[in-house]
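Notes follow the structure.
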Amino acid sequence: MWDLSAHYLWWILALLLIAGEVLLPGYFMLWIGLAAAAMGVLLWLVPGIGLLLQAVLFAALALIACVIYARTLRPRIERSMPGSERLNRRAEQMIGQRYVLTEAIVNGRGKARVGDGEWLVAGPELPLGATVEVVAVDGTTLQVRAAA
């Protein structure tokens with residue numbers, strides 16, 4: 001029948017786990033798949049390892065790979081995403097941006113052109129066409145000041 005070396009079985013398991021990660025993303029099966037690939041390499045280098053020791057080594061490698069991901073790589077990835085802290089809060093992404101008034105600010109209220117739309121603004125009395133800078137957000141109203 002088939003005379004398939006054990007290290008090939010580990011590599012097949014690794015491919016299946018990594019393929020599962022592609023289908024069901026979550027960064028979990030990837031690391032276990034890498035541990036299975038490492039087991040395949042280890043078994044290729046040292047072919048006489050027994051089945052029980054293989055299972056124990058695989059569990060240890062999978063645990064080590066997941067811990068390395070959780071403690072070192074994941075925090076680094078989350079820190080490296082600029083603006084992710086405001087990802088679902090579009091209005092807060094406008095803080096510091098400058099816009100032109102399409103409606104003068106009278107009695108503390110006016111409108112400014114933002115992209116292809118208009119947003120309500122609140123701030124000091126300013127004429128139509130003045131450039132304003134967003135300093136804060138209050139619901140759907142941009143708090144502005146005159147741009148320097």
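All figures in this text were calculated on a predicted structure; none of them were measured in a lab.
- Note on Leu45: it clusters hydrophobically with Leu57, by side-chain heavy-atom contacts below 4.5 Å among ILVMFWY residues.
- Separating the CZ atom in Arg145 from the CD atom in Glu133 is a distance of 4.5 Å, to the nearest 0.5 Å.
- Annotation: side chain of Ile95 is not in contact with side chain of Val135 (no heavy-atom distance under 4.5 Å).
- Shown here for Thr141 and Arg109, the closest heavy-atom pair between the two residues is CG2-NH1, 3.4 Å.
- Results of the side chain to side chain donor-acceptor pair (under 3.5 Å) test with Thr102 over Arg113, Lys111, Glu118 single out Glu118 as the only residue that passes.
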For this session: Could you please spell out the steps behind the side-chain contact (heavy atoms from CB on, under 4.5 Å) verdict for Leu9 and Leu13?
Result: CA-CA 6 Å; Leu9 295 174; Leu13 177 63; over 6 Å; no

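- Closest approach of Val144 and Pro124 over heavy atoms only: O-CD, 3.5 Å.
- In this structure, CG in Leu126 is found 13.0 Å from CD in Glu103, a value given to the nearest 0.5 Å.
- A single hydrophobic cluster is not seen to contain both Phe58 and Ile64; linkage of ILVMFWY side chains at heavy-atom distances under 4.5 Å, directly or through other members, places them apart.
- Closest approach of Tyr99 to Ala112, counting heavy atoms only: CB-CB, 4.1 Å.
- Of all non-hydrogen atoms in Trp11 and Ala37, the two that sit nearest each other are NE1-O, 3.3 Å.
- Nearest heavy-atom pair, His7 versus Leu43, reported as atom, atom and distance to 0.1 Å: N-CD2, 3.7 Å.
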Exercise. Do Tyr8 and Trp44 pass the ring pair (Phe, Tyr, Trp, His ring centres under 6.0 Å) test, and can you show the C-alpha distance, the side-chain angles, and the key distance before you say yes or no?
Worked result: CA-CA 9 Å; Tyr8 287 122; Trp44 179 57; 9.3 Å; no

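- Under the side chain to side chain contact (heavy atoms under 4.5 Å, CB included) test applied with Val121, the options Val134, Leu101, Val114 reduce to a single match, Leu101.
- How far CD1 of Ile68 is from CG of Leu34: 10.5 Å, rounded to the nearest 0.5 Å.
- Considering only heavy atoms from C-beta on, Leu142 comes within 4.5 Å of Met94 through its side chain.
- A pairwise comparison of heavy atoms in Ala38 and Leu61 identifies CB-CD1, 4.1 Å as the closest pair.
- Rounded to the nearest 0.5 Å, atoms CG (Leu23) and CD1 (Ile18) are 12.5 Å apart.
- Summarising the geometry, atom CE belonging to Met39 is positioned 5.5 Å from atom CD1 belonging to Ile49; distances are rounded to the nearest 0.5 Å.
- By the 4.5 Å heavy-atom criterion applied to side chains, Trp31 and Leu73 are counted as neighbours.
- Considering CH2 of Trp10 and CG of Leu15, their distance stands at 13.5 Å, rounded to 0.5 Å.
- Taking the side chain as every heavy atom from C-beta outward, Leu30 and Leu17 never approach each other to under 4.5 Å.
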